[in-house]
Structure formats: structure tokens, C-alpha cells
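Written out below as C-alpha cells is the structure these notes cover.
Residue numbers begin at 1 in each chain, while the letters A, B, ... track the order of the sequences.
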Amino acid sequence: MSSQRSIPTLDRISTLPDSVICHILSFLPTKQSVTTTIISKRWNPLWLSVLTLDFDDQKFSDFATFRHLIYSVMLARHTTLPIQSLRLKCGISSGCNPYDINRIVRAALQRGIVNLILDFSYTDFDFQIGLSTTISSVFNCRNLVVLKLTCLTFTVVPQFNFPLLKTLHLDSVSFLGDQNEEFYKFVELCPILEELQTTNMQFWVSNDCDNGKYNKCFSNLVRAKICNLTWSWNVPFAWICNAKFLHIELSKEQKVHTFHNLTHFELIFKSVWQRKWNWLVELLEHCPKLQNLTLNQLYGHGIDKDNWKEPKNVPGCIFSQLRKCSFIAYEGSECEFRFAEYILKSAKVLRTMTINASLVDINLKHQMLRDLSLCPRGSATCKLSFD
Amino acid sequence: MAEEKSQASSSKMLTLKASDGVLFEVELNIAKEMKTVQAYIDDCEDIETIPIPNVLGKHLAIVIEYIKKTNEEYDAEFEKQWNMDDLQLLLLAANYLNISGLQECLCKAIAKRIENKSPEYVRKVFNIENDHSPEEEAKLRKEYKWAFEGVDKD
């Protein structure tokens, strides 16, 4: 047998080229990355070659110290060394002000940034209004491939063009004008967008199908995640209908669109409403390629307002595509059970059905498992598993 | 010697031989993800068994599995299974075999395990010898005082 065994006392990292160590450092907060300079003579200069900067003022009691860190890093680095990625999170340290932020962001953006993450959580409206220069600088940046913005208020959306943008995350970003109109610009001007995530964003998407302008979609979209809509807001289904992977939080019935490429769908129900079950079937009829379905809190909290009515025709995807179906926060209500039973008997290529019922009493869980195990299965290879 | 077969297909199969003699039969398109192996094939067209001298069978198996299964879900769970020792050895393997996706995944995982830890901790975890004299180190700590503020020894 071989004599080579892993010896815990060996310094293996040092056998790797500088570029790999820098690659590791690029995932660390910059403050920590700087401290690696004392590790050894070899590590001494490495942090200076890292192309990613990550600043978070969370552990800083005052903004002045935080600002000093940022300026010191920028000065220590070689002036011609680009900044490929910048993550800047601030707002919690005392004395944090938007004017310094504007200056920092503007200076950083001149160094060829491709990935930009700005997070102003914990700041208020007045602070965010002061960031208009930051917003202009960001929207002037045509090379962006990744853009993630948290807690920003746009009084005006500047002219922009993001021909290379592949990932866009917007969290609590508000447009003082017409939300739809402003956000719609992203649909038009991010032609190759592949990943979209929105949290706490307000879309007044009309259910009027004839409004062609707002029915344009991101044509290259692969993944979309829409979270934290309050009950009155709509999910902009028309914009994301080309996605292969969807994760959507729902608070009310939405107009159904056809999802031609959808293979993985995770739906989180934040409330119950009339016709929920039949709406769900109608939705599934419009997902011809769906292979993986996850239903979270399908029962919801409150009285089940509807009865499950078995549909006349089995939706195509359930019959011939669905391979995996999962229920999260399953409570065993009558309608939930009937729906699960329907899937089990109608899905001919189903491989797994997973039930997560962590909120339920253990004896009740055994009962549920038994009831479901007794249901006839349309697929011979289907495994039922309980969490 | 253990022998592992990948799924039968009409594409050409290659044998990779790990440093401890373990053999792996893989499809050509899987092997090509390892740029080092690709270069080997380009140089010697008729080769059937390629030696991988720097990587143990145990780790080569993990690498091959990664190439076959990699996707967003798999990558997110991948690193959780391995201890720091294995992560480092896998990174060495990924670097030698020149597999950029795996290298990225491992660098991220290693960084996660040392995040917000002191330089002393990082030295210990990687077994790096400190060749700075106490005076040199003190000078560096002073020069970068602004980075060392608030860093606790663990």
C-alpha cells in the first residue's frame, strides 16, 4: 500500500502559487486580508495583489476609523492595479455620511470594477437621498457584470446601459417615480441578464395582458428569485417568464404566464386565498418542462378557504416531466393531503416526494406518513421520504 | 487496487492512475475538464493510462465526482463534507490538474473557514512557519495599525 499519507504538520499551502493564495484572500474581508501580511515573508506582499475589495463597517464603532481603513488600503495598493470587485456595506457606524461614500464609490469605480455590491442597510431615507452621486457613478459603469444594491432610494434613474450585466440583485430599492416604469428600464437595458433577485421591491404590474410594453421579458434569464412582497404587490411574471429556475414568494393570486423553460419551481405561500388550489393547477398547466416542484407553506396560516377539486385533465408536466416534488412546512390539511395524493397518482416519472413537516407533532407525523404511503403511485420508482 | 467505472457510453474512455496506484476509468469529456490531462492527451495521442503523480486515489475520486456533478446546488453542499486537511489536498489537486471551477469552489470554502480569524490562527491551520523576526512583525503591525485594530487573538 502507498506510503503517502496526509501528514497534518505539513505546510501545503506554501506549495501553491501566489495566484491561488490571492484567490483565497479575495474571498476574505479586506481588513482581514491586510493582516495576513504578518503571517510570513512569503505572505507579506500578497494582499496587495488581490483584486477584490470588501469593506463592512459593522464592527467599527465610528465611521472615521472605517474611512481611514478604506483610504489606507487604496493608497497602499499600486495605483495602476485595477479593482475587479468591490463590496461596500456601511451605515451602522456612527458618523457615517453619504458624502464620503459618494467620494469613495466614485474613486473606486474608476478602477475598472466589474462586480459591485453596495449595501446601505440601517440607513434612513435622508441618508439615501444624499447618495445620488453614488447612483450616477454606478449607472455610468458600462462594464458591470454583477450589480447588487441594498437600501437605496432613487429620486431619478439616470441614463444607463448595462450590456454586460449578468446578475442583478435589488433589495429594498425604491424609485420615487413610477416603480414599473423605472424598473422596466432594467428589462430593456440589461439584454443578457441571467440572474435576477428582488427583495422587498414593489411592482405594480398590471394584470392587463394587452399592455405589451410591460410584457417584455429578460430573454436570457436563467434564474429569478422574488422575495418579500407585501400582500398587495404583484409578481412581475411577464418579465421572468423565460427562467429555468424560479423561487417566488406569493401573497395573492397572480395572473398566470407560460414558463417555457422552467424546470425548477419553488413557491412560498405567504397567505391563503380563494381558489388557491385550482390556481396552482392552472399554473402547472403553464409549465410544460417542469421537473422539480417545491411547495412551501402550501396550507398557510388560517382557515383553508377552498376545497380541492380534482382537475379534469392532468397538467402535462405532472404527467410526463415531474421528477421531484417537495412540501415544506406541510401541516396535513385536507386539501394539502388531496393535492399530494393527486401528484403521487398522476406523476408517471416521479422519483421522489419529500415531505418536511417539522412543525407537526411526532405522532401526527407518523399518521401522515402512513396515510401518504398508502396512496397509489403512478410511478413505480417513486420514493416517499419524510423529514 | 480499486477500479472504478464511470457510466458506459460510446465516447472514448481513459484511465487515470493516482499516486497510490488506484485506477479510474473516465470518459474523455470528463478527463478534458482537467486541463493538465488535456495537455497530456494533446501531446501523446494514443495514450490510454495517464499517471497523476501528485494526487491520492481518495482525492482523485472526489475530483472526478465533482466534475460529473457540478452545478449550483452541488457546489453549495460540496465543501461541507470535507475537513480542512482534505480541502487543502483537494485544492492542491485542483491546481495541479488545472480545473478552474473546482479551484474556485475550494478557495471560497477555505476562505470561509478562516474568515475573521486572526493571522495566528491562519498560521496554525495551514502550518505556516513565521519567518519574521519579532522586530519585523512589530514594525508591520505598526505600519498597518488600522487593519489590526479590533483583532482578537483566538
Query - Option that, when pairs with chain A are counted at under 4.5 Å, heavy atom only, ranks first among B:Ile110, B:Leu92, B:Val122 - result: B:Leu92
Report task. For the residue pair A:Leu246 and A:Leu267, establish whether any side-chain heavy-atom pair is separated by less than 4.5 Å. Result -> no
Query raised in the report: Is it the backbone or the side chain of A:Thr65 that comes under 4.5 Å from a heavy atom of chain B, or both, or neither?
Result: side chain
Query raised in the report: Measuring heavy-atom distances to chain B, does A:Lys41 have an atom under 4.5 Å in its side chain, in its backbone, in both, or in neither?
Result: both
Report task. Please look at B:Asn95 and chain A and tell me whether the side chain, the backbone, both or neither of the residue comes under 4.5 angstrom of a heavy atom of that chain. Result -> side chain
Report task. Name the member of A:Ser26, A:Ser14, A:Pro17 that forms the most heavy-atom pairs with chain B at distances under 4.5 Å. Result -> A:Pro17
Query - Under-4.0 Å salt bridge between B:Glu104 and B:Lys108 - result: no
**Report entry** Interface residue of largest heavy-atom contact number with chain B, from A:Ser33, A:Ala76, A:Pro29, A:Ser61, under 4.5 Å
**Finding:** A:Pro29
Report task. For chain A, find which of B:Glu143, B:Glu72, B:Gln103, B:Met84 contributes the most heavy-atom pairs closer than 4.5 angstrom. Result -> B:Glu72
Query - B:Ile114 portion near chain A, given a 4.5 angstrom heavy-atom threshold - result: both
Query raised in the report: Does a salt bridge link B:Lys112 with B:Glu79, judged by any charged N lying under 4.0 Å from a carboxylate O?
Result: yes
Requested in this report: Answer yes or no: does atom CZ of A:Arg351 have more than 12 heavy-atom neighbours from other residues, nucleotides or ligands under 6.0 Å?
Outcome: no
Report task. Kindly assign one of parallel, tilted or perpendicular to the pair A:Phe66 and A:Phe63, based on the angle between their ring planes and the thresholds 30° and 60°. Result -> tilted
Report task. Go through A:Thr36, A:Thr15, A:Ile21, A:Leu69 and name the one with the most non-hydrogen pairs under 4.5 angstrom from chain B. Result -> A:Leu69
Query raised in the report: Is the shortest distance from a Lys or Arg side-chain nitrogen in B:Glu65 or B:Lys69 to a carboxylate oxygen in the other one below 4.0 Å?
Result: yes
Report task. Name the option with the most non-hydrogen atom pairs under 4.5 Å to chain B; the candidates are A:Ile13, A:Ile38, A:Ile24. Result -> A:Ile38
Report summary line: The interface call for B:Tyr144 against chain A, heavy-atom contacts under 4.5 Å, is side chain
Query raised in the report: Between A:Lys225 and A:Glu266, is there a salt bridge with N-O shorter than 4.0 Å?
Result: no
Report summary line: Note: A:Thr79 and A:Arg111 closest approach over all heavy atoms is O-NE, 3.5 Å
